[in-house]
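Inspection log for the structure reproduced underneath, given as structure tokens.
Every chain is numbered from 1, with letters handed out A, B, ... down the list of sequences. What you see below is based on every heavy atom in this structure, not just the backbone, and it leaves out hydrogens, waters and symmetry mates.
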Amino acid sequence: MAEITSRKNIIEVKSLSVFYGQFQALKSVQLELQARKITALIGPSGCGKSTFLRTLNRMNDLIEGARTEGQVVFDGKNIYDPETDLLELRRRIGMVFQRPNPFPLSIFDNVVYGLRVHGQNDRRYMEERLFRSLQAVNLWEELKDRLEADALCLTGEQQQRLCIARVLAVGPEVILMDEPCSALDPTATARIEDLMYQLKEKYTIIIVTHNMQQAARVSDNTGYFLLGELVEFGQTNQIFTSPRDARTEDYITGRFG
Amino acid sequence: MARHKSGGDRLIRLSLLLVALSAISVLAIITIFIFEQGLPIMAKYGLKNFLLGQDWFPSEQSFGLLPMIVGSLLVTLGALVIGVPLGLASAIFLTEFSNRRLSGFLKPVIELLAGIPSVVYGFLGLMFLVPFIRKNFGGPGLSVLAASIILGIMILPTIISIAIDAIRAVPDSYREGSIALGATRWQTVRMVVLPAARSGLVAGIILGMGRAIGETMAVIMVAGNAADLPGSLLAPVRTLTSNIALEMAYASGEHRQALFATGVILFVIIMILNFLANLAARKQFRK
Ligand SMILES: Nc1ncnc2c1ncn2[C@@H]1O[C@H](COP(=O)(O)OP(=O)(O)OP(=O)(O)O)[C@@H](O)[C@H]1O
Ligand SMILES: [Mg+2]
């Protein structure tokens with residue numbers, strides 16, 4: 001862990017291409033993701049943001065007909081090497097989805113789910129992780145008296161926080177978020193953004209968003225995708241104030257056709 | 001215009017209601033008829049004699065149904081012991097561990113199996129299973145075991161096809177969430193998919209159970225039909241449905257009424273089993 005934090009780039013992506021059958025969804029993407037920063041990925045619908053995000057924890061492996069070329073180097077190793085332990089990789093690189101997807105289980109069982117699948121069964125330890133994870137997403141006070149309640153009864157915002165807590169419980173280093181606020185109202189969105197800010201202390205966050213203001217507000221670095229290409233990548237300030245590429249400027253100023 | 005439309009709606013609603021009511025009333029008439037025919041004789045000789053009596057000699061006013069009650073419950077239980085694990089395993093394999101093409105091909109084939117007449121199952125059982133049991137395990141071959149196996153196979157299509165629907169109805173977002181946490185496919189199935197599909201799975205099992213307890217022809221052909229309490233799984237057995245089917249043709253008077261009483265008891269047992277299964281499903285879910 002200490003080794004990783006001392007390194008500036010936690011993930012290096014090298015000429016990464018993804019194909020769905022004949023269709024090329026990502027075209028030789030190249031970028032470096034800094035540890036303990038928030039990186040925002042923006043771009044019009046269908047440009048490959050989700051596809052890119054899912055290459056980082058190899059969730060694209062689940063899609064029939066998907067094929068990946070290139071490298072994603074995480075902690076010094078290419079995760080596309082055949083000897084990669086996928087279960088361990090996904091523990092270290094967690095994912096939060098667009099629609100909150102808590103399991104139809106109790107709140108408790110949701111949060112400790114990841115611990116259980118990784119072989120942890122000690123009740124005391126699980127309770128400790130539960131407490132810390134729920135506290136980290138500011139849900140502990142709200143939910144501590146009804147941990148046995150069905151997670152599907154929570155509000156959308158609570159469900160999304162719970163999903164983040166579920167990821168935190170297994171002790172990841174990187175958290176991938178695919179439009180995590182798109183199903184939430186503006187106040188809930190603002191609170192989740194605050195949460196991301198807090199989480200940045202300990203975790204590397206990569207967030208896909210359609211919301212330009214959100215990218216500008218929360219992220220340190222921003223990447224702009226267009227038709228499977230990473231058009232521009234750099235500090236958020238620079239991208240939003242003086243984009244180098246005309247296409248980025250068009251998109252950011254809303255002149256995108 | 002709006003008025004016209006709502007008038008049409010009302011008409012459709014009314015006719016649907018009539019159809020539903022007529023279906024329900026047919027059921028009600030059948031139920032009333034069975035009870036009307038069966039209850040008087042039960043009242044006359046006492047419920048206890050019917051439920052707990054071990055001797056079935058209708059010509060001597062001895063109407064003990066216990067052997068048949070035990071027989072029905074035994075073969076149904078046996079069918080579930082065989083059919084449920086096999087059926088659920090097949091459904092899980094076809095939905096979660098095989099590609100779309102294979103399951104798309106196999107599901108209709110399995111559903112076709114449900115359409116094979118039960119006399120065919122009985123015939124195959126009689127030709128192959130019964131001699132096999134007689135040779136390898138002893139006894140007459142016509143037995144609780146033979147009936148359980150045949151029924152277990154007969155309820156497979158029901159259980160498999162309903163279980164497949166239930167498992168397919170579980171949103172993929174649950175699977176993705178689980179895999180993304182580092183779970184294996186099997187952990188995902190066991191810890192998320194099956195619990196999420198539970199009410200559908202239980203519905204499939206209940207329907208399978210209903211099919212098993214109500215099945216008559218195939219059971220008559222392989223069960224041996226002796227109206228005695230079976231001493232072992234290899235002993236012959238008679239079920240409630242077999243009892244009715246075997247004797248209805250020539251029964252008259254009180255004998256005939258006693259067969260209706262058999263129907264009443266079968267009816268009540270099915271009600272109780274359904275109720276218990278539903279209860280079990282709900283209880284597990286609330287935990
Ligand atoms: N499973 C799939 N099979 C085939 N093509 C796919 C699949 N998933 C995505 N695509 C295609 O790949 C391209 C990129 O999709 P992706 O979901 O990554 O876009 P996105 O930038 O996340 O879009 P959005 O903003 O709408 O979420 C799109 O053209 C899409 O149609
Ligand atoms: Mg997307």
Side-chain angles (χ1 to χ4, degrees), chain A residues 50 53-54 56-65 85-106 109-120 148-152 159-160 162-172 175-178 183, chain B residues 88 91-107 163-204 278-287:
Chain A
S50 298
L53 205 65
R54 293 162 60 95
L56 301 181
N57 62 348
R58 289 191 56 176
M59 285 295 280
N60 278 337
D61 289 20
L62 302 183
I63 298 174
E64 248 176 271
D85 178 353
L86 281 186
L87 309 183
E88 179 64 6
L89 172 73
R90 291 177 185 143
R91 185 191 68 72
R92 294 176 68 187
I93 303 185
M95 187 166 219
V96 177
F97 295 82
Q98 183 167 0
R99 310 205 116 267
N101 59 348
F103 305 127
L105 307 170
S106 70
D109 287 339
N110 263 278
V111 180
V112 304
Y113 183 86
L115 295 172
R116 287 199 172 122
V117 304
H118 289 285
Q120 182 57 250
E148 291 306 321
D150 189 345
L152 300 186
Q159 290 190 7
Q160 197 60 301
L162 185 72
C163 290
I164 297 172
R166 188 169 77 178
V167 168
L168 298 183
V170 294
I175 304 173
L176 312 173
M177 299 185 172
D178 194 348
Chain B
L88 293 187
I92 290 168
F93 170 76
L94 286 175
T95 47
E96 302 287 322
F97 296 96
S98 71
N99 58 33
R100 281 245 145 204
R101 207 160 347 120
L102 183 64
S103 67
F105 165 73
L106 278 180
K107 186 166 185 261
I164 284 179
D165 291 341
I167 292 172
R168 284 209 182 133
V170 174
D172 271 336
S173 65
Y174 292 165
R175 296 183 182 85
E176 287 195 322
S178 170
I179 298 280
L181 281 167
T184 62
R185 273 224 100 96
W186 173 238
Q187 286 173 327
T188 303
V189 168
R190 191 167 49 85
M191 295 169 70
V192 177
V193 176
L194 292 185
R198 178 156 46 213
S199 62
L201 299 179
V202 171
N278 275 316
L279 202 70
R282 216 164 304 148
K283 240 206 194 111
Q284 278 187 345
F285 193 69
R286 290 195 52 193
K287 180 226 138 206

### Message
Using a 4.5 angstrom heavy-atom cutoff, name the option from B/Arg185, B/Glu176, B/Arg100, B/Arg175 with the most pairs to chain A.
### Response
B/Glu176
### Task
May I ask you to decide if the ring planes of A/Phe103 and A/Tyr113 are parallel, tilted or perpendicular, using 30° and 60° as cut-offs?
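Answer is tilted, since the angle falls between 30° and 60°.
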### Task
Check each atom of A/Leu152 against the heavy atoms of chain B and say whether the ones under 4.5 Å are side chain, backbone, both or neither.
side chain
#### Entry: Region of A/Leu86 that comes under 4.5 Å of a non-hydrogen atom in chain B
neither
### Query
Rounded to the nearest 0.5 Å, how far does CD1 of B/Ile92 lie from CG of B/Leu194?
4.5 Å
### Message
Please report the interatomic distance CG(A/Asn101) to CD(A/Gln160), rounded to the nearest 0.5 Å.
### Response
7.5 Å
### Task
Heavy atoms only, distances under 4.5 angstrom: which of A/Arg116, A/Arg166, A/Arg58 has the most pairs with chain B? Name it, please.
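With the most close heavy-atom pairs to chain B, the winner is A/Arg166.
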#### Entry: Salt-bridge present (A/Arg92, A/Asp85; N to O < 4.0 Å)
no
